[in-house]
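To start, the structure under review is shown below, and the notes come after it.
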Amino acid sequence: MGVTPAASVLKQLLNHRNLKPQPPTATSTAAVTTKILSYLKQGRIRSAVSTLFSFPQPFPFDLYAHLFRACSDHRRAIVEARKVESHLLTFSPNPPTFLLNRAIEAYAKCGSLRDARELFDEMPQRDGGTWNVLITAYSQFGFPEEAFKLFLCMNREGIRANEITFAGVLGSCAVACELVLSMQVHGLVTKFGFCGNVILESSLVDVYAKCGVMDDARKMFHEIVRPNAVTWNVIVRRYLDAGDVREAVFMFSRMFPAAVRPLNFTFSNALVACSSMAALEEGMQIHGVVVKLGVQEDNVVSNSLINLYVKCGKLEEGYQVFNQLGSKDLVSWTSIVSGYAMSGKTWEARKLFDEMPERNVISWNAMLAGYTRFSEWYEALDFVYLMLGAIKDLDHVTLSLMFNVTAGLSDHEMGKKVHGYIYRHGFHLNLMVSNALLDMYGKCGNLNSARVWFNQMSNWRDRISWNALLASYGNHHLSEQALTMFSEMQWETKPSKYTFGTLLAACANAFALDHGKQIHGFIIRHEFQIDTIIRTALVYMYSKCRCLDYAIEVLKGAVSRDVIIWNTIIMGCCHNHKGIEALELFGVMEAEGIMPDHVTFQGILLACVEEGLVEFGAKCFKSMSNQYRVLPRLEHYDCMIELYSRHGYMVELENFFKTMPIEPTIPMLTRALDACQKNEYARLGEWITEKINEFQH
DNA sequence: CTAGGGTTAG
C-alpha cells in the first residue's frame, strides 16, 4: 500500500492512449521544451508533465532538471516527480548523475524519503552530491540517525565530504543533541579547511548551544570573522532559550556596532527577552530602531512590541502599536486582549475579545486566564460555557484554567467532572493539568483526594506539585504535616520562594509560631534571598502569631517597602489589638511616600474601632475619597457602622445609614439594630427593622 | 545544484 513503485507507474503510462509514437524532430522538441518551460513558469506542473508525456522521445537534460526543481518547490508534486523520473529513464537509459540527484531531492522535498532512498540505492554510480542530497533530506526531516549512518558510509566509501555534507550532519547533531559527535565534526570541518565558511560556523554555534554548552557556543561565535545576520540571530535566540535573557539583549545590542542589520526574527527575539525581564527602557530603544529601520509593518515584530508593552504594564502604548498596525492578525488581537485581561481590565479585554474577527484556543484561554487571575469566578464560569459551545478542542491550558475556576468556586462536583474529562482525553499525564487538578482538590477541601493524586503523580511531579500539596495542608491548618512534607520534599526537589510563602501562610493560619520560626531559620541558613513576597509572608506569620515585635523587626530589615507589606503590618497591629501602633505605622508609611490603598484604609478604620477614635475614624473615612482618591468599598462602610455602633454614636450612625450610597447588607443592619437596642434609639431601630423586612420579601 | 537561523499570543 501507499507508494506505487516507479516501474508500474511507468507501465501504466506507456499503455496510456495519448502515447502514440511520433518521429522526433529537432523543431518539435525545441517547441515542446519551450511550451513545458512556459507551463512551469506559470506554476502549472501537471500540464507541464502531461505535455512531456505526450512526446515519447528524449528531451534535453536541462528540461528534466527544471521539472524536478519545480516538483521540489511545490512539495506536493510527488506523483509528478515520479512521472518525470519514469520519462527520463525510459528515453534516456543512462542519465547523468546530477539529474538523478535532482530526482532524489524532489522526492525528499515532497516528503517521500522512501522514494528518495529507493532511487539512491538503485543508482549505478553516485557522486558527492548524491550523498549530500540524501543526508540533507534526513537532516531536514528529523532523522538524525539515518543521516549519521549515511555520513559514515560515505566516508567508508572514500567520498569526500564537503560544506553541504557538514551542514546536514551538523543540523542532525543539533536535533539529536549529540555533543561528542558535534565536536568530532567540528574537528573534521577544521581539518578539511572549511573554517572560513560562515554557514558552517553558524551551525557550530547553534549546535553547541543546543547541546547546552553556551560557553563553547560563545567561543565559537567569537572565532567567526564576519558573523552575518543569521549568525547573530542564532546567538540571540540561543541565549533566550537558555534563559539568559540579559545576554540575549546584550548580544542584540552588539549587532549595531558590527553594522549587521537584524532580521525581523531577531527583533522579535530581543523584544521577547526584554518583556521576560520587564526591561521597558531597552525595549523602547529597540522600538526606536524598529521605526528607524521601517520594520514596524512586520506583524511578528509589532506583535512582539505589543507584548513588550503590555507585559511592562504599559497598556496604552501597547494599544497604540496595536492600533497603528495595518493588518492585525490573530496574534495581534490575542496579544492585546491578553494584555488587558492580565492587567485586571477584564471588561476592556472582553470588549476587544468580542470584536475579534477570528479566535482560536489561545485567544479564548487568554481571556479566561484574565478572569481567573483576578478571581472573577462567575464571569469565568459563564465564559467557560460560552467557550465549550464555540470551540471543539480544548487544550491543556484550558483544562488547567477550568480546574482553577472550580477551585475558586469551591465546586468540588464540577471539579470531579473536569477530572473525568481529562482522564478520558488523556490530559492527566500533562504536568500543568495534573498540578491544577491537585490544587483543585486541595482548595475544594478534599485533602485525601489531593494526597492520593499526588502519590499517583510520583513519576512526573515537580516542585509546583509539592507546593500545591503543601498549600492544601496549610489551608487545612495542618502546619505540622506541612512541615513534615517539607522535609520529604527536599529529597526530591529544591524549595522555591513560593514554598516558603505557602509554609509561612500555613504557620500563620495555624498560629504555629515555632514552625514559623523554623522556616525563617531555614531561609536564613540556606541563604535564600528574602524578597518582598517572603518578607511579607514573614511579617504576616509573626503578627498572626502575636509576635508583633518580630514582625516589626522583619519589616525594618526591608530595603524598600511596598503598600502590601505596609498593609500586612497595619492589619497585623489591628489583629493584636494595637490600634495606636497601627496608626503610627501608617504615619511612617506616608512619610516614606507610599500611597495607601483600600486595604490600608480598612486597617486604619479597624484601628479606630479598636481604640474608640470615632471622630478620627470619620475624618479618615472622608479623606479617603477626598484626599486619597480611594473609593470606599463595602468593607469600609462595614467598618464605619461598626465604629459608630460599638461606641454608641447613634445620631452619626443614623446619618451615615441615610446618606450611604450603597444598599446596606444584612450583617450591617443586624449589627446596627443591636446598637439601637442597647442605646435605646428606637427611631433608627424601626427604620432598620423595616429594611430587614424588605430584604426578606 | 545541494547548506545555516526563525513564527510573535494563553
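Chain A is the first sequence line, chain B the second, and so forth, proteins listed ahead of strands; every chain is numbered from 1.
Across all strands, A:N101 comes closer than 4.0 Å to no nucleic acid atom at all (heavy-atom distances). Within 4.0 Å of A:R102, counting heavy atoms only, lies at least one base atom of the nucleic acid. At a threshold of 4.0 angstrom between heavy atoms, the contacts of A:T136 are confined to the sugar-phosphate backbone, with no base atom among them. Across all strands, A:K311 comes closer than 4.0 Å only to sugar-phosphate atoms, never to a base (heavy-atom distances). Across all strands, A:N162 comes closer than 4.0 Å to no nucleic acid atom at all (heavy-atom distances). Looking at heavy-atom distances under 4.0 Å, A:R373 makes no contact with the nucleic acid at all.
A distance below 6.0 Å separates the ring centres of A:F166 and A:F192. A distance of 6.0 Å or more separates the ring centres of A:W347 and A:Y340. In this structure, A:W333 has its ring center at least 6.0 angstrom away from the ring center of A:F353.
For B:dG4, the base has no donor-acceptor partner in the side chain of A:S203 [N/O atoms by modelled type, under 3.5 angstrom]. Below the 3.5 angstrom threshold, one finds a donor paired with an acceptor across the side chain of A:N197 and the base of B:dA3.
A:W131 has its side chain within reach of A:C153: a pair of non-hydrogen atoms, C-beta onward, lies under 4.5 Å apart.
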